[in-house]
Amino acid sequence: MALLEGRRLSKRFGGVQALTEVDFAVEAGAIVGLIGPNGAGKTTLFNIVAGALPPGEGQVVFDGWPITGKPAFRICRRGIARTFQVTRPFGEMTCLENVAVAIVNRRPDLGRAAWGPMAMEYLEAVGLGALAETAAKHLNVIQKKRLEIARALATEPKLLMLDEVLGGLNTQEIQEAVGFIRDLRDTRGLTVFWIEHVMGAIMQAAEKVIVLDQGRVLMVGTPKAVVADERVISAYLGT
Amino acid sequence: MFKIENLDVFRGETQVLWGVGLEVAPGERVAILGSNGAGKSSLMAAITGLLRPRRGNIIFNDRALVGLKPYQITQLGIALVPEGRRVYKGMSVRENLEMGAFVRRGRPRLKESIERVFGLFPILGQRSAQGAGTLSGGEQQMLAIGRALMSLPDLLLIDELSLGLAPRVTKEIYAALASLGSEITVILVEQNVELALRHSERAYIVESGRVTGHGVSTELIDDPDIRRAYLGM
Amino acid sequence: GADPVKIGVVGPRTGDAAATGKAFEEGIQLATAWVNAKGGVLGRPLEVVFEDTAGAPDKAASGFERLVTRDKVAMVLGESHSSSALAEIEVANRLKIPFVVVEAWADPITAKNYRYVFRAGPSNSGVVNETIAKWVQASGFKKAYIVAENSDWGLGIAQLTEAALKKAAIPYEQLVTERKSQDHYTELTKIKQFGPDVVLAYVYGTGLHYFVAQAGEVGLTPKAVILDGAGPPSLWPDYWTNVGDYGNLECFVSSMHEKVELTPLAKEFRENYVKAFGKAPTDYKSRSIYDAVLIAADAINRAGSLGAENLVTALEKTDLLTTRGKAKFGMEKGGPEYHQWMPPMLVIQWQDKAQTVLYPPEAATGQLKR
Amino acid sequence: MLALSLTNGLVIGIVYALTALGVSLVVGIMNVVNFAHGEFYILAGYFSYLFAHTLGIHPLAAMVIAVGLVFLLGLVVEYTLIRPTYGDDMYSLILTFILSIVFQSLFLLVFGPYPNKPPSWIKGATEVFGLFHYGNQRLAALAAGVVVIALFFAMLKLTWFGRMIRAAAQDREMAELNGINTTRLNLLSFGLGCALAAAAGVILAPVFPVTPTAGTPVALTAFVCVVLGGMGSMSGCVLGGLVLGVVENLGAAYVSTGYKHVFMFLILILVLLFRPAGLFGRREV
Amino acid sequence: MVKAIDNRWWLAAAVAGFAALPWGLGIYHQHVLIVSLFYVMMTASWNLLAGYTGQVSFGHAAFAGIGAYASGILATKVGLNPWLGVGAGTLAAAVFGFLLGVLCLKMGGIYLSLTTLGFSEILHIIINNEYEITRGTMGLQVPGLIAEYSKLAYFYIFLAGAIITLAVVHRLIHANIGLNFRAVQNDERAAAALGVDVVRVRVLAFTVSSALAGMAGALYGHYLLLITPQIPSLDQQFLVLSMTVIGGLGSFAGPVIGAFGLEILSEYIRAYGEYHVLAFGLVALIVARFAPRGLVGVWKQFMDRRRPAA
Ligand SMILES: Nc1ncnc2c1ncn2[C@@H]1O[C@H](COP(=O)(O)OP(=O)(O)OP(=O)(O)O)[C@@H](O)[C@H]1O
Ligand SMILES: Nc1ncnc2c1ncn2[C@@H]1O[C@H](COP(=O)(O)OP(=O)(O)OP(=O)(O)O)[C@@H](O)[C@H]1O
Ligand SMILES: [Mg+2]
Ligand SMILES: [Mg+2]
């Protein structure tokens, strides 16, 4: 059964039709890639699922619950965590506190003594342990992306939605990151829904890829099938 | 005519460009390629003065641009078509174009320029009194380009021309641009690699805020590395 | 060379009613000069400490307390806001300091019968029953309209007026208006529909100017006559600038008139005032405080010391000729007459920018014009 | 009664609109709410009084000088106080709030507590449509208000400066890219906002003489108009002013005169509840 | 750990020293201290909202007014014990704060400022019009909190009130909810995505801050024995705002320093009569313009500059 399902989602911004009747499904325990050219509507789709944007038409169902139009914090507490394409750290707060925000809203009973070490674990998991007491505004782009992931993980989600987390990494780093994400699925049982332009990474990790183009689903298939598809090539290369 | 040397750019506390350098000859069309977040838009922002570089030089027609304000740079003859078009939605098409001609060099030839833009994009002529917010995405892109041309720039910067546009519309706009010939120098930012290379003479590749390669477009288009990097094939 | 004897004055020097503070200042200056020229009090110079109340009761109360605890004044005079005075009498009573209220008209100030509280000035019921109601009757008005600003003073005096008109069987209607409102067209139209021949306006300050001017614009006046139930606003320097020709034939209550001088002292006051400030006195409150300082100096001299009990006894025995007549405090307990001296009030009409006294008949200098 | 309430509502509404336009302009371009707006209005009233009355200059000339001086003062305030707070709209709010109190106490010291009224332009009253009497000075103020508003809109629509303003209000950065010196535009539009307040002040002072503290209600009403019309929308703000004026006068006529000004806030609260982007504003995504 | 205990001892010593202070002072100075403590309650609670969640409310004085009038009216009309009245006033302010918060905090920012301003205006009109109940500008005379009027007793009551207020503020900003405050102030969309109920957090801050203002107002009314529209006035709001800004917006100690500093200063410059509001305003303006973080900010900057040298 699908953990997350979207039915006939549409969204307009003034004159721009960002999504048109999009149907999609993300199966529990899977890594599902979402690709498509710039402006195809990928981030918009994420925003609607996560409640950051009011939906246009259509429905989103998560774990059997309709979550369409619910406020972002409720969706988060239901078990969906997301990262932002342009990172949004709490600049004036330390990395540790950034992660703590995610923890204390899940477990209000915890005091600093309890959440401190927990937050530290998440930071260490993404390799930011040494920067725990640094204000987030001092991080570089890549560190900020890691912090986003740590914060997302700290909400203890069932579904993790990643929006272009590999941008700016070199080949070596991409390999490590892909390993890390697969690990999340394998050891923590997370489902991952992942927007990425770095096709190589999606090819390696995803079981299924959804391709969006101009707000419509162009095709759905295995990574292999997708990159071989004429329509996809033309959408990307623009013949 | 245009040269960037060793440019370091920060957004807030975060560095987004490292030692970027490039060079453009008069009348040339140069493409900047790179994946999301590579720093292409930041480069545009630095050239136009929206971001102030920490180090490095930008030279345009023998003038150093670093430290100048955007409005001063525009007055010197550089126009940007920004990512996401950013037309003035509450103003009519004509008023948008007039705003483009705000600069000193543009105003005296306002009427003439408007005619030229309407010639380039006839649909804008038909919609001249319509509010820009009600235009389709493609029309807005045409308007954004038209507005940039209104300032009679020597150098035109276009960020993500094809973003969110149907291929047919994209083609139309590129055709219109091509018809301008070599009277304007163009720097083109584009994620659609093939389109970019096809409509440029040379290209620079930006990755993670660094220039990692450059070459003649017709050669790059067949480069297997490029194809692999951008399609994962 | 001797240490001065300090007495306090409370009044608004800032805020909406700062005009009163100005008038008080002038009166204080003339009165202290007068007293000190006559040898001061107890052989020492008299000094007045003027504390700002900003027209706010809480500031008034703490200002009063400050005069007593910090400046160690022997007694306190002044006040022109009933709200502030009501707060201050509590402090006076608690700290056992004689307090002579001057221009706060609310009845309860003396009706509370506090031992340390006196009033050498009008009370609402005094003004309404002794002056306004009698004037309305004597002038033969048929239909009256009461307009009250929504303040304690406005609403309180309106209530007393209603009772008086009822008793006199004069038909009336009543309306409350927003104190700070600058636009009275709606209210005036309502009034005009009722068709009164006299409008008793209890609106203090600028509000009155707007009211008079706009009443002219909508054509309520000159069919009806407006009475300014407070007085000073009709005498403020910008009255004529603000109301223009519509100010003509307006009536107001006052305890001072340029021609009618009830005592020789009043004449002396006027001369000294002109000498000191180069203009004729307009706001009668400068003279009210002047009288109060004289009463205080007299009481201190008769008491022979600054002890509160002695001062109260001396005040109770006051029998002093002031600018407004002979000051004498009532001693009958139970009502607002206790410790109260009600100076005579006049009803005056502006006739071609000259003041004509209409009431009481014995002081009248002319006839009501319509 | 009804006819008078409606007329009076329109007159007062135009006045509200005129004062609110300046606020709306500054909010739209700089995202700054100028809390001291009312004090600029009052200051202009004082100036026109001062020049016309004390110095004996022709009233019209006095008005023009007053508006000019307030404009200059606006420039100074922008340069010294507002400019350093760009991007922090809360801080500019706090600063202008303090500024308004400073102005009020200065007015009290310099001009005293009495109301000051510049000379009327015209005397008497007119019987309107045979229904009611209406002060001529008010009718003149209405006419002047309409003229100023019309001139302002013509300026927005027809001049380069107006186009600059509209462009910058929609997208500052893009306007800068089109060659507009937005720092200077801020300076000028803040000055212009103050000048609009001043225009309202000089037009109205003959009707409603100015006092040191009369600015606060002026500013408050202006803010309510701006919210009603939708932040930054100039035409919305004019409509907001008219709605306010009419509702207040109908409320005073038929419900309660004492609660006249509460109707204004009731509308505000209803609008915030049901149409947060303002009665005439479009919701932003 | 050792340091924490140290701090606690310092704090206890400071409170004890402060508690002993009025014994050496006359009535007048005791009064000044009491009023200062009232302003500490006001500034600290306003700072919770403005300094820690970035919401500038112009209705803080109005909430003090609600607390004062609720308690005062109950005492005079129903004969409720003033102590219970203070509780009722606090509750009333909390309820109004909650409702107003729900109404306009979804939009936040400038809307909150304008709505609270409108709210305080409405309150004024109501107080003036419902003269029968509120006694309008004449003020409502109310009983005191203690049978025998004593400045000393009031001093300790206000000291307790200030300590309660500061303790509540301290606890909140150092507890989990304080993390949420800052997260919301930094980036509300990101906060929402991490499970922070943004509207609730804001409404909570607003409600608590209003309730504390209500308590301060109720206590103040029973101290002055007279409740007037001056308590919920814009002038009062101006004082609270200036004190906080001059002391240091968004710092814990700032409002306390500002409240004492400015109240005492204003007692001194009161001698200059009409100039004192102006002087006050100019000081506030200059500090706000050149030291936006207030005196505390200036001190921190000074210390930071000294440290590397040492
Ligand atoms: N808040 C918004 N208001 C108006 N238009 C928007 C908004 N967000 C997105 N859009 C438009 O919707 C379209 C889809 O944008 P979206 O960000 O979803 O694309 P994307 O697939 O994530 O692209 P990218 O690969 O560049 O991240 C674009 O045309 C964009 O301009
Ligand atoms: N307003 C901003 N604030 C902070 N960081 C930003 C901002 N805009 C972009 N960045 C970051 O700066 C880096 C470079 O971004 P830039 O927009 O220049 O890339 P780009 O190549 O234009 O990408 P795209 O293809 O998405 O347009 C990215 O890591 C991005 O996250
Ligand atoms: Mg995206
Ligand atoms: Mg870009």
Side-chain angles (χ1 to χ4, degrees), chain B residues 12 41 44-45 47-51 68-92 94-108 110 129 131-134 140 143-144 146-153 156-159, chain D residues 21 24-25 27-31 83 86-88 152-189 226 229-239 277-278 280-285:
Chain B
S41 299
M44 297 296 115
I47 297 172
T48 51
L50 292 172
L51 281 179
L68 295 185
K69 293 275 169 50
Y71 73 92
Q72 294 168 318
I73 291 174
T74 308
Q75 300 278 9
L76 292 177
I78 295 183
L80 171 69
V81 179
E83 192 173 0
R85 332 194 222 289
R86 298 174 67 173
V87 296
Y88 302 114
K89 295 202 170 125
M91 295 164 85
S92 69
R94 180 178 289 272
E95 285 173 327
N96 265 277
L97 292 175
E98 285 171 352
M99 281 316 296
F102 179 81
V103 288
R104 235 167 281 128
R105 47 164 66 204
R107 272 197 242 186
L110 181 84
T134 62
Q140 287 187 9
L143 180 57
R147 181 178 58 186
L149 292 174
M150 290 296 291
S151 68
L152 307 174
L156 180 65
L157 312 173
I158 306 180
D159 196 356
Chain D
L21 271 180
S24 189
L25 176 73
V27 167
I29 295 188
M30 307 163 65
N31 203 18
R83 185 166 298 181
Y86 281 169
D88 190 343
F152 179 72
F153 274 89
M155 188 272 291
L156 276 186
K157 258 302 204 236
L158 303 176
T159 67
W160 273 110
F161 186 62
R163 253 169 271 164
M164 279 161 75
I165 286 179
R166 286 195 293 150
Q170 290 177 50
D171 190 334
R172 282 185 70 79
E173 211 171 77
M174 194 59 229
E176 179 100 18
L177 284 171
N178 278 146
I180 294 172
N181 180 349
T182 50
T183 315
R184 203 166 70 207
L185 184 64
N186 276 349
L187 182 72
L188 290 175
S189 31
V226 169
M231 285 273 179
S233 152
M234 309 283 175
S235 44
C237 144
V238 171
L239 286 171
F280 313 100
R282 261 177 303 149
R283 191 186 258 284
E284 278 299 310
V285 274

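Proteins get letters first, then strands, A, B, ... in listed order; numbering begins at 1 in each. Not measured: the values here are computed from a predicted model.
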Colleague: List the atom of B:Pro70, the atom of D:Glu176, and the distance in Å for their closest heavy-atom pair.
Modeller: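 So the two residues come closest at CB-CG, 3.1 Å.
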
Colleague: Are any of the side-chain heavy atoms of D:Lys157 and B:Glu95 separated by less than 4.5 Å?
Modeller: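 The answer is yes, as the side chains (C-beta and beyond) meet within the 4.5 Å cut-off.
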
Colleague: Donor-acceptor pair, distance only, cut-off 3.5 Å: does the side chain of D:Glu173 make one with the backbone of B:Leu50?
Modeller: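 The answer is no, because no donor-acceptor pair under 3.5 Å joins these two groups.
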
Colleague: Indicate the atoms forming the closest heavy-atom contact of D:Met174 with B:Arg86, along with that distance.
Modeller: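 Shortest heavy-atom contact: CG-O, 3.5 Å.
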
Colleague: Flag the pair B:Met99 / D:Arg166 as yes when at least one side-chain heavy-atom distance between them is below 4.5 Å, and no otherwise.
Modeller: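 The answer is no, as the side chains (C-beta and beyond) never meet within the 4.5 Å cut-off.
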
Colleague: Where do D:Ile180 and B:Tyr71 come nearest, in terms of heavy atoms and distance?
Modeller: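 Taking D:Ile180 first and B:Tyr71 second, the nearest heavy atoms are O-CB, 3.3 Å.
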
Colleague: Is it the backbone or the side chain of D:Ala175 that comes under 4.5 Å from a heavy atom of chain B, or both, or neither?
Modeller: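 Both backbone and side chain.
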
Colleague: Quick one: are D:Arg163 and B:Phe102 in side-chain contact, heavy atoms under 4.5 Å?
Modeller: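 A side-chain contact is absent here, since even the closest heavy-atom pair is not under 4.5 Å.
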
Colleague: Is it the backbone or the side chain of B:Arg107 that comes under 4.5 Å from a heavy atom of chain D, or both, or neither?
Modeller: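 For B:Arg107, side-chain heavy atoms alone lie under 4.5 Å from chain D.
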
Colleague: In the structure I gave you, are the side-chain heavy atoms of D:Asn178 and B:Tyr88 within less than 4.5 Å of one another anywhere?
Modeller: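 Of all side-chain heavy-atom pairs linking B:Tyr88 with D:Asn178, at least one is under 4.5 Å.
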
Colleague: For chain D, which candidate among B:Gln75, B:Glu98, B:Met150, B:Lys69 shows the most heavy-atom pairs at distances under 4.5 Å?
Modeller: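 Option with the top pair count is B:Glu98.
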
